[in-house]
Number of protein chains: 2
Amino acid sequence: MSSPSTPTRGRPARLDRARTLETALDLLNQSGLDALTMRRLADAMGVQAGALYRYFATKQDLLTAMAERMLEGVDTTAHAADSGDWSDRLATLARSLRTALLAHRDGARVFAGTHATGPSVLGFADAFVGVLREAGFRDDDAARALYTVVNYTVGHTLEEQAALQAADGDPESVGTLREAVTAGTPPYPHLSATLPTLTSTDFTRLFEFGLDLIIGGLRARRAPSAGD
Amino acid sequence: MSSPSTPTRGRPARLDRARTLETALDLLNQSGLDALTMRRLADAMGVQAGALYRYFATKQDLLTAMAERMLEGVDTTAHAADSGDWSDRLATLARSLRTALLAHRDGARVFAGTHATGPSVLGFADAFVGVLREAGFRDDDAARALYTVVNYTVGHTLEEQAALQAADGDPESVGTLREAVTAGTPPYPHLSATLPTLTSTDFTRLFEFGLDLIIGGLRARRAPSAGD
DNA sequence: ACCTGAACACCGTTCAAGT
DNA sequence: ACCTGAACACCGTTCAAGT
């Protein structure tokens, strides 16, 4: 439970979870997830790779802690979007999630690959479900809407960050879809007609579109036909 | 372009893209993505690992081809959902995507980690955008809706397959969320109240809920207030 | 108590050389 | 033309031994 927690007298430890986590997130930002190895992290901490295993049982454990840490700054208080109804608050929370993932290189990949259940993740989820319940949604609808928005947001940001990394490093990869569509046999008439939008890099606008659809769907479900 | 394609006279090649792809997908199903290594795949083909690089430039290349192959069976013809309006067709296409990803272990992870632009992926996208355009949606809305549904579906299935694997292998991992929520200091009132839904394993129902929200949002956007 | 050193069992990728 | 053999530069993880 608290194996290396109470720093009894002795040599001051060069390692601890908090500092290691910080260094790991820095390394992630600088080099990306593929370059985040236990050995490189140990190097950055001035230690041998094996030493990390006193603080994290596995690399997966480290990644889970990183995912939890990424959401730590998210403001889940009501005041954060006080000036609005339930749909404004929901949108604010969803945008905060995307922003938190975007704040670190490969943030969405780290988050998608783990199952963090710490206070920042649960606090976010509780706030989200709370907004819907207090707006009068059924409990099961509120819970399912959480998954819809989180899965959409993670899926979107995964794509967004993949596109960002493909853009620098291989500047011509942006044209891959365009080429495949235009050079297409068979032809893709609908993709051709919508290519400008399909190849747009305005990810914020794209995210807002989908978020708006989901919230619009929730609105329709809450007030099946009347105006509240 | 067609380096090892035309089988000129000589020893019949033990390798080719199609057979290798098939074996790779089998291996994926049996052992999962983490166990799918170039060496193990080579073993399964009765060959040395280096030989694979005559057919796939990198492992990423192989994974992209696998992603494309996964969508090959998806029926994108109109008749597949002939008996319905645009929203029924859209739902059918979205369900087909989820089903195709679920058909292989870690299918969503493979798909999310690649950028396939082959005929089956583009065919799916073209059909999807086509349904919306023919239903009278604006071109840019149709294109953005494609991303919304695909990103949601991939995000959802990523979670679904992660939950499935966590379930067998560590049968008590299902209770992880429950424990974290109930043992929670601080408490999570809204998560506690909705725990049964949050811990449900009826992923089809969960998927349908989110899909319904998105389609509901599209409906509202198409007919801003009238009933069409 | 905390970390080193060294090992174990692997990886993806390259490439001269064989057939 | 197609594949082998062997190497290169790595991985995550474990664990006796040192301090």
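We name chains A, B, ... by the order of the sequence lines, and we start the count at 1 in each one.
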Visitor: Roughly how far apart, to the nearest Å, are D:dC3 and C:dA16 at atom C1'?
Guide: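 Looking at atom C1' only, D:dC3 and C:dA16 are 12 Å apart.
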
Visitor: Below 4.0 angstrom, which residues in residues 17-34 of chain A have at least one non-hydrogen atom near DNA chain C?
Guide: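 None - not one residue of the stretch has a heavy atom sitting under 4.0 Å from the strand.
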
Visitor: Answer yes if the side chains of A:Ser120 and A:Glu68 hold a donor-acceptor pair under 3.5 Å, and no otherwise.
Guide: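 Yes, side-chain donor-acceptor contact under 3.5 Å.
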
Visitor: List in chain and number order the residues that pass side-chain contact (heavy atoms from CB on, under 4.5 Å) with B:Thr199, two or more places apart in sequence or in another chain; answer none if no residue qualifies.
Guide: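 B:Thr199 satisfies side-chain contact (heavy atoms from CB on, under 4.5 Å) with B:Leu177, B:Arg178, B:Leu195 only.
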
Visitor: Side-chain N or O of B:Tyr55 less than 4.0 angstrom from OP1 or OP2 on D:dA1?
Guide: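 False: B:Tyr55 side-chain N/O out of range (4.0 Å or more) of D:dA1 OP1/OP2.
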
Visitor: For A:Arg144 and B:Ser200, what are the C-alpha separation, side-chain angles and deciding distance, and is it a side chain to side chain donor-acceptor pair (under 3.5 Å)?
Guide: CA-CA 10 Å; A:Arg144 292 198 182 99; B:Ser200 161; 5.6 Å; no

Visitor: Salt bridge check: are A:Arg19 and A:Glu22 linked by an N-O gap of less than 4.0 Å?
Guide: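 No, this pair does not count.
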
Visitor: Do A:Gln60 side-chain atoms and A:Gly113 backbone N/O form a donor-acceptor pair below 3.5 Å?
Guide: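 It does hold such a pair.
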
Visitor: Give the B/S/- string for nucleotides 8-13 of chain C, one per nucleotide from 5' to 3', where a protein heavy atom under 4.0 Å of the base yields B, of only the sugar-phosphate yields S, and otherwise -.
Guide: ---BBB

Visitor: Just the dot-bracket of DNA chain C, please: which string comes out with Watson-Crick or G-U pairs under 3.5 Å, [ ] for crossing, | for another strand?
Guide: ||.|||||...|||||.||

Visitor: Using atom C1' of each nucleotide, how far apart are D:dC8 and C:dC10 to the nearest Å?
Guide: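 Pairwise C1' distance, D:dC8 against C:dC10, rounds to 15 Å.
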
Visitor: If you look at every heavy atom in A:Leu36 and A:Leu27, which pair is closest and at what distance?
Guide: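 What the structure gives for the nearest pair is CD1-CB, 4.0 Å.
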
Visitor: Using 4.0 Å as the upper bound for N to carboxylate O, is an ion pair formed by B:Arg109 and B:Asp34?
Guide: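 Here B:Asp34 pairs with B:Arg109 in a salt bridge, since their nearest N and O are under 4.0 Å apart.
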
Visitor: Expressed as a whole number of angstroms, how long is the span from B:Met45:CE to D:dC2:C1'?
Guide: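 Those two atoms, CE and C1', are 13 Å apart.
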
Visitor: Can you name the closest pair of heavy atoms from A:Gly210 and B:Thr148 and give their distance?
Guide: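 Heavy-atom minimum between the residues: CA-OG1, 3.3 Å.
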
Visitor: If I take atom CG from residue A:Leu191 and atom CZ from residue B:Phe124, how far apart are they, to the nearest 0.5 angstrom?
Guide: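 Reported to 0.5 Å precision, the distance equals 11.0 Å.
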
Visitor: Which atoms form the tightest heavy-atom contact between A:Val149 and A:Ala94, and what is the distance?
Guide: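 It is CG1-CB, 3.7 Å.
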
Visitor: For D:dA1, does either OP1 or OP2 sit under 4.0 Å from a side-chain N or O belonging to B:Arg14?
Guide: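 False: B:Arg14 side-chain N/O out of range (4.0 Å or more) of D:dA1 OP1/OP2.
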
Visitor: Roughly, in whole Å, what's the span from CD in A:Gln48 to C1' in C:dA6?
Guide: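 For the pair A:Gln48 CD and C:dA6 C1', the rounded distance is 10 Å.
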
Visitor: Specify the residues of residues 105-114 of chain B, ordered by number, for which at least one heavy atom lies under 4.0 angstrom from an atom of DNA chain C.
Guide: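 Of all residues in residues 105-114 of chain B, none places a heavy atom under 4.0 Å from DNA chain C.
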
Visitor: Look at the side chain of A:Arg54 and decide which nucleotide, out of D:dT4, C:dC2, D:dC3, has an atom nearest to it.
Guide: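 Taking heavy atoms from C-beta onward, the closest nucleotide is C:dC2.
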
Visitor: If I compare all heavy atoms of A:Ala193 with all of B:Asp139, which pair ends up nearest, and what's the gap?
Guide: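 So the minimum-distance heavy-atom pair works out to O-OD2, 3.8 Å.
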
Visitor: Could you state the interatomic distance from CD (B:Gln161) to OG1 (B:Thr157), rounded to the nearest 0.5 Å?
Guide: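 If we round to the nearest 0.5 Å, B:Gln161:CD and B:Thr157:OG1 are 6.5 Å apart.
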
Visitor: Holding to side-chain contact (heavy atoms from CB on, under 4.5 Å), I want the full list of residues that pass it with A:Arg17, two or more places apart in sequence or in another chain.
Guide: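 Expected list: A:Tyr55, A:Phe56, A:Asp61, A:Ala65.
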
